[in-house]
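All figures in this text were calculated on a predicted structure; none of them were measured in a lab. Per chain, numbering begins at 1; letters A, B, ... match sequence-line order. Heavy atoms only: backbone and side chains are in, while hydrogens, waters and symmetry mates are out.
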Amino acid sequence: MESKKESNFQKIIAHAKEYGFIYPSSDIYDGLSAVYDYGPTGCELKKNIKDYWWKSMTQMHQNIVGIDAAIFMHPTTWKASGHVDNFSDPMIDNKDSQKRYRVDHLIENYSSELEQKGLEKEARDLINLMDLHLKNEDFSALKALILSHNIKCQVSNTCNWTDIRQFNLMFKTEIGSVAEEANTLYLRPETAQGIFVNFLNVQKSSRLKLPFGIAQIGKAFRNEIVARQFIFRMREFEQMEMQFFIPPGTQKKWFEYWKETRLNWHLSLGTPHSKYQYKPHVKLAHYADAAVDIEFEFPFGFKEVEGIHSRTDYDLSRHQEFSKKKMTYFDPETNQHFIPYVIETSIGLDRMFLAILSQAYTEEPVPKEDGSTEERIVLKLPTKLAPYKLAIFPLTKKDGLPEIAQTIYKECQTSFYCFYEEKDSIGKRYRRQDAIGTPCCVTIDHQSKEDQTVTIRHRDTMLQERVAIKDLKMLINSYL
RNA sequence: GCGGAAGUAGCUCAUUUGGUAGAGCGAUAGCCUUCCAAGCUAUAGGUGGCCGGUUCGAGCCCGGUCUUCCGCUCCA
């Protein structure tokens, strides 16, 4: 079973490349680890997922507006958010057990062992030394400290340590032509902070009253130590986030509201409920007072596709503290100033893409005329997400059929994406559209010249019906 | 990061013990046919991941390196 799932995942990856959904980045240079490019069909599908989310958030909610913040942000942003302190840790590996430790945890553990033995002074000295070396980022001194105290790995019970390495999960770069400490910029590791620092701008310019939300879609970057599983964990990825600002004390109610609303959004795409589950966080992040993941059953198991976090007033308070700007909201009804609480919904666009793709990928037997069966591969994408909505085929290349087909193409292309092809047999053309998930194909045949009708062939059922050419556009639009 | 496996045409794979690469599918053009991947003809496409070594000669042997996959590890 497991191996079948795995091989299915391999097939999805191969299919994604073959049909122009996703390629490895810089493919001609053998790819770049954990970075992928979206191809012609892939970028349409991705864009359609984005649009579907964006509209459900902004267009469908009077009190949610969008922004598009820059990827570069003032360096202090990341001090305030806690990313500079929490996102970067010196690590050390034990070569025998192959277990990795955070250096500070390793030394702190040993220090508390010393304390228990009554060696309180030694313990204190050790911690003081560690703090000094950590502050100076003197890794060789830190390693010497570990070795001189004979600190052992709890698994292998040896001191066979690697050198200490810094794993900073934020990508660094410099602004300006001179590389100085003060000019260090980070590529944002999450999009949320762009919303928080714009909270006052948006609230005032849009004259919004609590509760209200700010939505954003954008790239974020994390220098993951290990990034794997295709586009599930990439170093450059795209988030669709909404921060919902509320009065303090109402966070439980709104957390439940968004938890339910967001799951319903996923289910509205037709995916069976059994493919989704909630996973509450047991260990909460430093900023949260409640958190739940919405997990999807990927080919490699249930994994997070979206997170809903009750972030309290942590972010706005921290920005108020670091920027010295008041981040409070004045409630005219109660005549009170306060820092709003925040419920965050954060969905990984690439993960959503993978969820949609793996849910849609289907291999199914097709009975042939001679009684045998063959297999077809079909992407059963929701119609609103499909890259192309309609493929238009003249049955033959002559007798004026291509001309009629082109007329239909021109008529429809203003309303939705169409695909035109006259090459190869009709069956082959149908199957190619199955493979990229086009929900409908119309074929122009000789009868079309007589009575102005065409056959429309449906992707999932493979059934055909005859419709008037003049009704075609309306019919497809009714599916969207 | 550690361990294991792999890298030959767009894809799936061949190439018997070292003698400068083939097939199927796919692609393109044409013919014939026309409602579920039909047939025929022709064409294009590879300095065998990359670098180095051994050898008269390396896709094959050796070393290094990059990338991918699997397992561990990590993942506010």
* **Verdict with reasoning, Lys380(A) to Asp460(A), per salt bridge (Lys or Arg N to Asp or Glu O under 4.0 Å)** => CA-CA 7 Å; Lys380(A) 297 191 171 177; Asp460(A) 296 350; 5.1 Å; no
* To do: Give a yes or no on whether a donor-acceptor pair under 3.5 Å exists between the nucleobase atoms of C36(B), that is its base, and the side chain of Arg457(A).
  =>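 Answer is yes: a donor-acceptor pair is held.
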* **Heavy-atom donor-acceptor pair, Asp434(A) side-chain to C36(B) base, under 3.5 Å** =>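 In this structure, the two groups form no donor-acceptor pair.
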* Asked: Would Asp289(A) and Ser310(A) count as having a side-chain donor-acceptor pair, cut-off 3.5 Å?
  ->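 Per modelled atom types, Asp289(A) and Ser310(A) side chains form a pair under 3.5 Å.
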Starting at [atom1] of [X] and ending at [atom2] of [N], how long is that distance when rounded to a whole Å?
X: Asp399(A); N: C32(B); atom1: CG; atom2: C1'; result: 14 Å
X: His281(A); N: C75(B); atom1: NE2; atom2: P; result: 13 Å
X: Asp424(A); N: A27(B); atom1: CG; atom2: C1'; result: 10 Å
X: Lys11(A); N: U68(B); atom1: NZ; atom2: C1'; result: 19 Å

* Asked: Quantified in whole Å, what is the P atom distance between nucleotide G45(B) and nucleotide C2(B)?
  ->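 Those two atoms are separated by 41 Å.
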* Nearest-angstrom distance, C1' atom, U54(B) to U16(B) ->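 Each nucleotide's C1' atom is 24 Å from the other's.
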Answer yes or no: does a side-chain N or O of [X] lie under 4.0 Å from OP1 or OP2 of [N]?
X: Lys428(A); N: G26(B); answer: yes
X: Ser425(A); N: A38(B); answer: yes
X: Lys17(A); N: G10(B); answer: no

